[in-house]
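Notes for the one structure printed next.
Just so you know, these numbers use all the heavy atoms, side chains as well, and skip hydrogens, waters and symmetry mates.
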Amino acid sequence: MRVLISGTTGWLGGELARIIASDHQVTGLGRRPTTIEKVTSVQADLSQEGAQKTITEAGPFDVAVHLAGVLGTCTFQDGMEANVNGTRRFVKAAIATGCKKIIVASTVAVIGTVAPMTPPSKLPMPADH
């Protein structure tokens, strides 16, 4: 199976790629090069329009797993561009390659909450949290 995984320079994406690379053709997508053995590296920044073209040119893929994102260490606008629009670009590009199975996962850390001990006091979370 041909599998595209975003966020392979991060912990979760990297571990997933490492585990399944022995049985599947894995392409790792990241802003930095992926250096995992048996994983093809594709560099693209999902917050940029050109990422979609880069992904479609790397395809086709049978499965796409989106694990990339920026954490709460950026501006609100940069976070929206990477996490919301970046997810949209990833999904559209995966579909364009003929992908029929897409998995999207995230973390509460993308909205600035990094530990279960500090949950948001109000949902939806206000922009000034």
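- A distance of 7.5 Å separates CD of Q48 from CD of E81, quoted to the nearest 0.5 Å.
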task = For the pair I103 and H66, evaluate side chain to side chain contact (heavy atoms under 4.5 Å, CB included) and give the outcome as yes or no after the intermediate values.
result = CA-CA 6 Å; I103 300 164; H66 181 48; over 6 Å; no
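- Annotation: side chain of I55 is in contact with side chain of L46 (closest heavy-atom distance under 4.5 Å).
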Check against side chain to side chain contact (heavy atoms under 4.5 Å, CB included), V42 and T54 = CA-CA 8 Å; V42 172; T54 301; 3.5 Å; yes
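- In terms of heavy atoms, A93 sits closest to T56 at O-CG2, 3.6 Å.
- The side-chain heavy atoms of T87 and V104, taken from C-beta on, include a pair separated by under 4.5 Å.
- Look at R89 and E49 and you find a salt bridge, because one of the NZ, NE, NH1 or NH2 atoms lies within 4.0 Å of a carboxylate O, short of that distance.
- Without hydrogens or angle criteria, T34 side chain to S41 main chain gives no donor-acceptor distance under 3.5 Å.
- L67 and I20 fall within the same hydrophobic cluster, defined by Ile, Leu, Val, Met, Phe, Trp and Tyr side-chain heavy atoms under 4.5 Å apart, directly or through other members.
- Placement of L16 and I36 within a single hydrophobic cluster is found when ILVMFWY residues are connected by side-chain heavy-atom separations under 4.5 Å, directly or transitively.
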request  = Might you work through the side chain to side chain contact (heavy atoms under 4.5 Å, CB included) test for F90 and L4, ending with a clear yes or no?
outcome  = CA-CA 10 Å; F90 180 85; L4 172 66; 3.5 Å; yes
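- A distance-only check finds no donor-acceptor pair linking the side chain of Q43 to the backbone of G30 [under 3.5 Å].
- In this structure, D78 CG and S47 OG are separated by 7.5 Å, a value rounded to the nearest 0.5 Å.
- With hydrogens and angles ignored, the 3.5 Å screen pairs a side-chain donor or acceptor of S6 with a backbone N or O of A68.
- The OG1 atom of T8 sits 9.0 Å away from the CZ atom of R32 when rounded to the nearest 0.5 Å.
- Contact check for I5 versus T27: no side-chain heavy atoms found under the 4.5 Å cut-off.
- The CZ atom of R88 lies 12.0 Å from the CG atom of N83; values are rounded to the nearest 0.5 Å.
- Looking at every heavy atom in both residues, P33 comes nearest to T9 through O-CG2, 3.5 Å.
- Side chain of D62 to backbone of R2: a donor-acceptor contact under 3.5 angstrom is found.
- For the pair K92/Q52, a side-chain contact is recorded, criterion being any heavy-atom separation below 4.5 Å from C-beta on.
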